[in-house]
Structure formats: C-alpha cells, structure tokens
Amino acid sequence: MFVLLLALLWPVSLAKVAVNDFFPFGVSNGDTVMIRSDDGSSPSIPISIGFPFFDYLHDSLWVNVNGAISFLTTISTFTPVCTPVQQNFRMIAPYWCDIDISRTGDIFYRESFDASVLGKATDEVSSAFPDSRHIRLRWAFIITWFNVTFFPDTFDQRPRNTFQAVLTTDGTQSFAIFYYNNMTWTTGQATSSGGNSSGLGGIPAKAGFDAGDGQTLFMIPGSCTSDIVTIGDRSNVGSPGKWLFRVDNSNVQSAGCSNNFTGNVRVSPSFVNAYGHVPIEITGPCVQAAENATCRFYDPSGNVTDAPAVIMGNQTSMKFGCSTPFFYTIGRLRLDLIISINDTQQQLFTGFLYITMPSDSDAGLQVSVQPSPNRTDYYRMTFNWNPADFAPLHAGYCAPAGIYLIRVRHRASHHVHELRKRLTLTAG
Ligand SMILES: *[C@@H]1O[C@H](CO)[C@@H](O)[C@H](O)[C@H]1NC(C)=O
Ligand SMILES: *[C@@H]1O[C@H](CO)[C@@H](O)[C@H](O)[C@H]1NC(C)=O
Ligand SMILES: *[C@@H]1O[C@H](CO)[C@@H](O)[C@H](O)[C@H]1NC(C)=O
Ligand SMILES: *[C@@H]1O[C@H](CO)[C@@H](O)[C@H](O)[C@H]1NC(C)=O
Ligand SMILES: *[C@@H]1O[C@H](CO)[C@@H](O)[C@H](O)[C@H]1NC(C)=O
Ligand SMILES: *[C@@H]1O[C@H](CO)[C@@H](O)[C@H](O)[C@H]1NC(C)=O
Ligand SMILES: *[C@@H]1O[C@H](CO)[C@@H](O)[C@H](O)[C@H]1NC(C)=O
Ligand SMILES: *[C@@H]1O[C@H](CO)[C@@H](O)[C@H](O)[C@H]1NC(C)=O
Ligand SMILES: *[C@@H]1O[C@H](CO)[C@@H](O)[C@H](O)[C@H]1NC(C)=O
C-alpha cells in the first residue's frame with residue numbers, strides 16, 4: 001500500500017533518455033552555471049554564427065530559468081501562455097513552467113564547436129531528417145536543466161525534472177534536439193499557475209516553439225495539459241524522451257509523422273536519376289489505420305505512373321516507401337501520396353521530386369555491338385551488368401527492373417537516335 005502511494009505521488013517513468021546519454025554537461029565540461037534565482041535569466045549571450053529561427057537570423061539568445069531559450073529579450077513569465085504569445089520574444093521551450101532554482105537544482109549552458117558534440121548532433125539530425133543526412137553542423141548550444149523543482153523551492157524532497165535542449169545549425173538549417181530524463185511535475189504553486197504540492201494540476205507546462213508574433217506557435221502534443229508529464233515516455237523519432245525539430249523557418253518541422261499533417265510531404269532522396277528504380281521514403285502524415293498507399297508520379301512529359309507504397313514504422317514514426325519509375329523528362333515533378341483508409345475514404349498528400357539526367361556511363365553497364373551473323377545491315381547489341389552495381393534494393397519495395405534503351409549514337413556519323421524503348425529481356 002505504501003509503495004503504491006509513493007508511485008502515485010512520484011510518477012517517475014523508466015522510459016526516457018538516460019543522463020549518461022545527454023550531451024556532456026556540467027562545470028567539468030566547460031558549462032556556465034546559471035545564477036540562483038526564481039524567474040531569472042542569463043545575460044544576453046552572443047551567438048558566434050547566426051542562428052536561423054522562424055525566418056530570422058539571430059545573433060544572441062537568453063537562457064531563462066523557466067524552461068525556455070528566448071531571442072530578442074528575456075522571459076520571466078512563469079505561467080505558460082498556451083496561445084501564441086505577443087510579447088516580442090521568440091522562444092524555444094523544452095518545458096516552459098515555473099521552475100525555481102533559488103535553493104536547489106542547476107541549470108548549465110555553453111556554446112560549443114567541439115567535434116564530438118557536433119558529431120553527436122549530426123547523428124541525431126541525420127537520422128531524424130533523412131533530407132539533411134549530409135549536413136555539416138557548425139555550431140551547437142547546450143542547455144541542461146538538472147534536478148530542478150517548481151516554485152517555491154522550499155523543500156529538498158520535492159518532485160524534480162531533468163531535461164536538456166540542444167540548438168544546432170550549419171548556418172542555413174537549424175534544429176532543436178530535446179532530451180527528457182526524469183519528468184515528474186508540470187506546474188508551479190503560484191496562484192496563477194495553480195499547481196498543488198506535487199507540482200501537478202493547474203496550468204501545466206508548455207513545450208514547443210513560438211514566434212512571438214501573436215500568430216505562429218508550434219506545441220508538442222500534451223502541452224498545457226496533464227499529459228505533458230509523459231513527454232519523457234513519448235517521442236517523435238521512435239525513441240522515448242527524444243524529440244527533434246527543424247526550426248529555421250516559420251513552418252516548424254517535426255521529425256517523424258504528425259496526425260494533422262499539412263504542407264508538402266518530405267521526400268528523401270529528393271534528387272533521383274531518370275532511370276528510375278530508386279527507393280524513396282516519404283514522411284509527414286501519420287495515419288491510424290490504412291489499407292494501403294500509392295505513390296503517383298507526374299512525369300513532366302505528362303505521363304502519370306502509380307507505384308505501390310509500403311507503409312513502414314508505427315504511429316510515432318511512420319514512413320512510406322516507393323520505388324521510382326522510369327522518367328521520360330528531367331526536372332521537378334509532383335508526387336502524390338494517396339492513402340486508402342477504407343473503400344470510400346482516401347487521404348491525399350503532395351510533395352516534389354527532382355529528376356536528373358544520369359551520366360551515360362552510370363552503374364557499370366557494358367555494351368558490345370557486333371555485326372549480325374546473317375544480315376549485314378543489322379547489328380547485335382549485348383548488355384552485361386552486375387545487378388549488385390545498381391541501386392540498393394530495399395526489401396519490401398523493389399519494383400521489377402526495367403531495361404530501357406534511351407539513345408544510340410552512330411560511331412561514324414555521330415548521329416544520335418533517341419529511342420526511349422523498353423527492352424524485353426530474353427535471357428536471365
Ligand atoms: C531519476 O530518478 C531515479 C529514480 O527515482 C533516481 O534514482 C535518479 O537519481 C533521478 N535522476 C535525476 C537526474 O534526477
Ligand atoms: C536533487 O536535489 C535534491 C535537493 O537538493 C537532492 O536531495 C537530490 O539528491 C538531488 N538529486 C540528484 C540526482 O542530484
Ligand atoms: C495534485 O494534483 C494531481 C492532479 O490533479 C492529483 O493526482 C494529486 O493527487 C494532487 N496531489 C496532491 C498532493 O494534492
Ligand atoms: C516505433 O518505431 C520506432 C522505430 O522503428 C521504434 O524504435 C519504437 O520502439 C516504435 N514504437 C512503438 C510504440 O512501437
Ligand atoms: C487535429 O485537428 C482537429 C481539428 O482540426 C483537432 O480537433 C485535433 O485536436 C487535432 N489533433 C491533433 C493531434 O493536433
Ligand atoms: C510517356 O511519354 C512519352 C513522351 O511523351 C511517350 O512517348 C510514351 O509513350 C509515354 N509512355 C507511357 C507509358 O504513357
Ligand atoms: C471509412 O473511414 C471513415 C473515416 O474513418 C469513416 O467515417 C467511414 O465510415 C468509413 N467507411 C466505411 C465504409 O468503412
Ligand atoms: C487499397 O485499399 C482500398 C480500400 O480498401 C481498395 O479499394 C483498393 O483496391 C486497394 N488497392 C490495392 C492496390 O490493394
Ligand atoms: C540470324 O541468326 C540467328 C542465329 O545466329 C538466328 O537465331 C536468327 O533467327 C537469324 N535471323 C534471321 C533474320 O535469319
């Protein structure tokens with residue numbers, strides 16, 4: 001009975017990012033320690049390279065005790081505002097609520113150009129955002145809220161939260177990485193927040209991004225509700241306690257999939273060669289239950305080709321895999337993802353793909369031309385290839401290979417014949 005009561009009062013979860021898996025932090029790692037206060041902020045911290053956020057390039061930031069990083073000015077507001085804020089600050093809030101470090105708990109921060117920090121950030125970003133898999137991150141800023149409690153910080157034996165935010169950029173794209181460890185409370189005890197002595201109830205914490213223009217707001221699901229305490233059990237990348245977002249423009253992009261997805265789906269790789277048969281992955285929407293899905297490619301020549309899509313992953317990190325068809329023209333093309341929920345209900349999402357002209361010597365195809373043994377005006381062309389030299393075939397969505405003869409150049413006259421003919425295979 002006693003154990004059960006403790007579990008209710010201290011809802012500590014095991015699904016989370018371990019502190020050992022955080023980006024290295026603390027004084028021994030060169031961090032600055034935040035001065036003890038309730039509702040305080042750091043001095044203005046210069047950013048050595050510009051940090052693009054909500055379409056603006058920022059050259060300074062503030063770390064605020066109350067669980068947020070701000071741009072333009074500090075944040076001392078302790079009860080989170082759950083609608084778009086209009087207070088001239090832009091914010092990145094891993095957990096905006098009434099944190100109090102006047103006696104206990106610590107907040108650490110530092111700017112970093114360290115290769116191992118940038119390497120860890122690159123690993124996170126490139127696996128969460130396949131489009132950015134070749135990114136070279138140049139800057140990171142690490143903020144760690146360690147073992148912090150809520151206002152008023154009067155007793156040692158109070159629920160505590162530990163979480164970390166890392167901002168990183170290559171100068172063009174920028175990302176926020178949030179790691180949550182023990183998350184046990186959501187609300188401070190100030191009257192306007194309305195929390196109780198367990199740090200629950202009232203107006204719970206808000207996690208997300210706000211442009212400070214009274215309009216543009218992105219919240220992590222559960223924000224401002226009691227569910228936010230489970231943020232360390234949930235994820236948008238399939239790994240409990242870990243959340244990644246791309247934040248350089250006003251359309252904050254969540255890694256993984258989202259239930260109310262709007263805008264263009266992300267397609268990776270976004271450049272493919274015209275020969276087709278390239279496995280691509282499409283991300284954006286999550287669907288609760290789908291019968292099947294289809295990729296529809298609008299070749300700029302006017303041809304429309306459907307290819308079946310494989311549905312991969314789960315409710316938090318859903319992806320759709322297709323194999324590209326042969327394209328007749330190069331350039332930008334529209335791609336539709338059509339998801340069939342049932343016989344009468346379909347959802348349609350759109351994205352774009354760029355078709356490039358492959359080089360003639362692509363993929364180790366060997367061609368030999370010999371006079372035909374019985375007709376002097378005919379030639380026999382033989383094609384030899386090693387299937388392993390061609391595009392990697394992802395299990396589950398490899399379409400049957402097609403062999404196309406695109407053009408033939410006559411050796412003597414240099415005349416080029418455009419053929420674009422699908423060949424029929426006669427031998428294995
Ligand atoms: C997290 O909670 C566990 C179990 O209560 C505890 O042993 C550990 O010290 C806590 N870690 C932090 C960083 O608060
Ligand atoms: C968290 O802070 C409380 C109060 O100072 C302390 O008793 C506890 O040992 C700390 N926990 C960790 C993991 O440092
Ligand atoms: C605090 O509020 C939460 C949620 O409303 C409730 O479950 C909990 O029992 C309350 N704790 C105390 C000590 O009142
Ligand atoms: C969802 O998929 C991810 C990635 O494959 C995996 O790590 C995670 O455990 C899955 N989550 C659930 C709830 O199945
Ligand atoms: C999705 O949108 C609907 C209506 O637009 C809203 O009621 C619902 O809460 C949204 N769901 C999520 C997860 O945001
Ligand atoms: C695709 O378009 C090309 C050029 O417009 C045309 O020659 C070809 O027949 C079309 N193929 C199909 C399968 O529609
Ligand atoms: C198809 O799915 C929609 C949305 O979930 C639902 O409203 C509708 O009743 C379903 N229709 C059939 C025939 O199952
Ligand atoms: C996909 O599912 C829909 C709805 O159940 C069905 O009508 C359609 O025939 C299915 N298509 C394929 C290719 O299985
Ligand atoms: C040419 O010779 C090949 C065998 O060398 C034979 O298979 C083919 O049918 C012949 N073609 C004609 C047009 O006689």
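In each ligand, atom 1 is the first atom listed, and ligand 1 is the first ligand listed.
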Does I49 CD1 have over 12 foreign heavy atoms under 6.0 Å away? yes
Set of residues satisfying salt bridge (Lys or Arg N to Asp or Glu O under 4.0 Å) with respect to D55, sequence neighbours excluded: none
Can you list the atoms of ligand 3 that are under 4.0 Å from a heavy atom of N196? 1 (C), 2 (O), 3 (C), 8 (C), 10 (C), 11 (N), 12 (C), 14 (O)
List by chain and number: which residues place a heavy atom under 4.0 Å from ligand 2? T104, F146, N147, D156, R160
With sequence neighbours excluded, what pairs up with T216 under the side-chain hydrogen bond (donor to acceptor under 3.5 Å, both in side chains) test? D213
Kindly compute the distance separating CZ (F218) from CD1 (I92), expressed to the nearest 0.5 Å. 12.5 Å
Report yes if some N/O of S197 lies less than 3.5 Å from some N/O of ligand 3; otherwise report no. no
Do S268 and E281 get their side chains close enough for a donor-acceptor pair, meaning under 3.5 Å? no
Give every residue pair that meets the salt bridge (Lys or Arg N to Asp or Glu O under 4.0 Å) criterion with at least one member in residues 181-210, sequence neighbours excluded. K206-D210
Report yes if the distance between the aromatic ring centroids of F54 and F245 is under 6.0 Å, otherwise no. no
